[in-house]
Amino acid sequence: MWRPQHIWLVLATLASAPAAAEAQGRGFLFEDPRYTLSLYGGFARASAGSDVFDFSIDELTLERSDFSSFAFGADMGFRLAPQMDLVLGIARSASSTKSEFRDWVDSEDQPIEQVTRFRRVPLSASLRYHFTPRGRTIGAFAWVPSTFVPWVGLGAGMMSYKLEQVGDFVDFETFEVFPEHFTSEGWAPMLQGSLGGGWSLSPRLLLNGELRYVYATDALEGDFSGFDRVDLSGLSTSVGLALRF
C-alpha cells in the first residue's frame with residue numbers, strides 16, 4: 001500500500017540517478033532543465049463552510065478543524081518559457097474523526113457514537129510564473145541554478161471527494177437509535193491559486209515550500225442530498241523536494 005513516507009524514498013532514488021552527471025559539472029548542469037518532478041507533504045485546512053458541516057458540528061462532538069488533515073501530493077512541471085511552466089498535479093487529504101451526539105444518549109445511558117470521514121483528491125493543471133530567472137547560462141554548455149526562485153500559480157481542475165458517517169444515529173421524530181452508513185461522493189470542478197518558492201540544494205534538487213488555495217463546491221447526492229452544496233474549498237501548506245531534469 002502506498003504511504004506518504006514513500007515520497008522520500010522515491011525522491012532519494014530519483015535524486016541519486018543524476019549524481020554522476022552533476023559531479024562532472026561541479027555545481028552546474030550542461031543544459032537548461034525542461035522538466036520538474038515535485039513530491040510534497042503538508043497540511044490541508046478544509047473551509048468546511050456549508051450546512052452539512054454546520055449540522056454535524058452542532059449535533060455531534062465535532063469541530064470545524066476535524067475536517068482538515070495532513071496531505072501529500074505530486075506535481076509535474078513542463079517548461080513553456082524561461083520563467084513559465086505548465087504544472088500538472090494530484091494531491092490527497094483525508095480525515096477520520098470519532099464523535100458522539102452532544103445532547104443524546106441511548107436507552108442504557110451510553111454515548112451514541114459514530115465516525116466521520118472526509119476525503120479530497122484534487123487533479124489540477126496550472127500555469128506557474130517564476131518571478132526571477134531559474135538560472136543563468138555561462139558560455140555554451142554550463143547552466144547555473146539560482147539559489148532561490150519565488151513563483152505564483154493559477155489553475156483549474158477537478159476534485160474527487162467523499163463524505164461519509166458510519167455508526168449510530170438518532171431519529172428525531174421517534175427518538176430511536178439506529179445504525180447507519182451515510183455517504184456522498186462525486187467530482188467537482190475547482191479553481192486554485194498558489195504562492196511558493198524553491199531553494200536549490202544542488203543543480204538538480206530543490207527544496208520547495210508553497211501555500212495553495214483551492215475553491216470548489218458541489219451538489220450533494222446520496223444520503224446527504226437534502227443539504228445545500230458542499231464546501232470543498234481550503235488552504236494548504238506544504239514542503240517537499242523537486243527534481244529537475
Does [Y] offer a backbone N or O that forms a donor-acceptor pair with the side chain of [X] under 3.5 Å?
X      : Y      : result
Ser184 : Glu221 : yes
Gln83  : His130 : yes
Gln114 : Glu100 : yes
Thr61  : Ser99  : no
Ser95  : Ser68  : no

Is there a chain of hydrophobic side chains (I, L, V, M, F, W, Y, each step under 4.5 Å between heavy atoms) that links [X] to [Y]?
X      : Y      : result
Val152 : Leu211 : no
Met76  : Leu243 : yes
Leu123 : Tyr215 : no
Trp187 : Ile90  : yes
Trp151 : Val214 : no

Under the rule for side chain to side chain contact (heavy atoms under 4.5 Å, CB included), what residues qualify as partners of [X], not counting sequence neighbours?
X      : answer
Glu108 : Asp106, Gln110
Asp54  : Arg64
Leu201 : Leu205, Leu207, Leu241

From [X] [atom1] over to [Y] [atom2], what is the distance, rounded to the nearest 0.5 angstrom?
X      : Y      : atom1 : atom2 : value
Asp103 : Phe101 : CG    : CZ    : 9.5 Å
Met190 : Met158 : CE    : CE    : 10.0 Å
Leu232 : Thr217 : CG    : OG1   : 7.0 Å
Glu185 : Glu164 : CD    : CD    : 8.0 Å
Leu154 : Ser124 : CG    : OG    : 11.5 Å
Leu62  : Phe118 : CG    : CZ    : 12.5 Å

Does the side chain of [X] reach to within under 4.5 Å of the side chain of [Y], using non-hydrogen atoms?
X      : Y      : result
Tyr161 : Asp218 : yes
Ile57  : Phe67  : yes
Tyr213 : Leu195 : no
Phe70  : Phe72  : no
Phe131 : Val149 : no
Tyr35  : Arg244 : no
Phe172 : Glu59  : yes
Leu127 : Leu80  : yes

Listed once per pair and sorted, the salt bridge (Lys or Arg N to Asp or Glu O under 4.0 Å) pairs that draw on residues 126-136, sequence neighbours left out: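 Residue pairs passing salt bridge (Lys or Arg N to Asp or Glu O under 4.0 Å), neighbours aside: Asp75-Arg128, Asp85-Arg134, Arg128-Glu210.
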Suppose the criterion is salt bridge (Lys or Arg N to Asp or Glu O under 4.0 Å): which pairs have a residue in residues 149-163, not counting sequence neighbours?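 The answer is none; no pair qualifies.
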Could you give me the CA-CA distance, side-chain angles and deciding distance for Glu63 and Arg102, then say whether salt bridge (charged side-chain N to carboxylate O under 4.0 Å, His left out) is met? CA-CA 12 Å; Glu63 303 295 336; Arg102 294 183 185 274; 3.8 Å; yes
Trace of the side chain to side chain contact (heavy atoms under 4.5 Å, CB included) decision for Leu37 with Phe245: CA-CA 8 Å; Leu37 173 62; Phe245 51 97; 4.2 Å; yes
Answer with yes or no whether the side chains of [Y] and [X] bring together a donor and an acceptor at under 3.5 Å.
X      : Y      : result
Ser96  : Arg119 : no
Ser194 : Arg212 : no
Asn208 : Tyr40  : no

Going by the angle between their ring planes, with limits at 30° and 60°, are Phe148 and Trp199 parallel, tilted or perpendicular?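 Tilted, since the angle between the ring planes falls between 30° and 60°.
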Apply side chain to side chain contact (heavy atoms under 4.5 Å, CB included) to residues Phe182 and Phe224 and explain how you reach the verdict. CA-CA 7 Å; Phe182 297 111; Phe224 294 99; 3.7 Å; yes
Using distance only, find each side-chain donor-acceptor pair of residues 42-53 under 3.5 Å and give its atom names and separation, not counting sequence neighbours.
unit_1: Ser47; atom_1: OG; unit_2: Ser233; atom_2: O; d: 3.4
unit_1: Ser50; atom_1: OG; unit_2: Asp231; atom_2: N; d: 2.9
unit_1: Asp51; atom_1: OD1; unit_2: Asp228; atom_2: N; d: 3.2
unit_1: Asp51; atom_1: OD2; unit_2: Asp228; atom_2: N; d: 3.3

Looking at every non-hydrogen atom in both residues, tell me the closest pair between [X] and [Y] and how far apart they are.
X      : Y      : value
Arg79  : Ala81  : CG-O, 3.2 Å
Ala74  : Leu39  : CB-CD2, 3.3 Å
Leu206 : Ser200 : CD2-OG, 3.6 Å

Between Ile112 and Val170, is the side chain to side chain contact (heavy atoms under 4.5 Å, CB included) condition met? List the steps. CA-CA 8 Å; Ile112 304 170; Val170 176; 3.5 Å; yes
Step through it carefully: locate the ring centre of Phe55, locate the ring centre of Phe227, and say whether they are under 6.0 Å apart. yes
Would Ser56 and Gln165 count as a side chain to side chain contact (heavy atoms under 4.5 Å, CB included) here? Give the steps. CA-CA 10 Å; Ser56 296; Gln165 292 181 325; 3.1 Å; yes
Using ring-ring contact (aromatic ring centres under 6.0 Å, His included), reason through Trp104 and Phe175 one step at a time and then give a plain yes or no. CA-CA 9 Å; Trp104 300 87; Phe175 305 113; 5.6 Å; yes
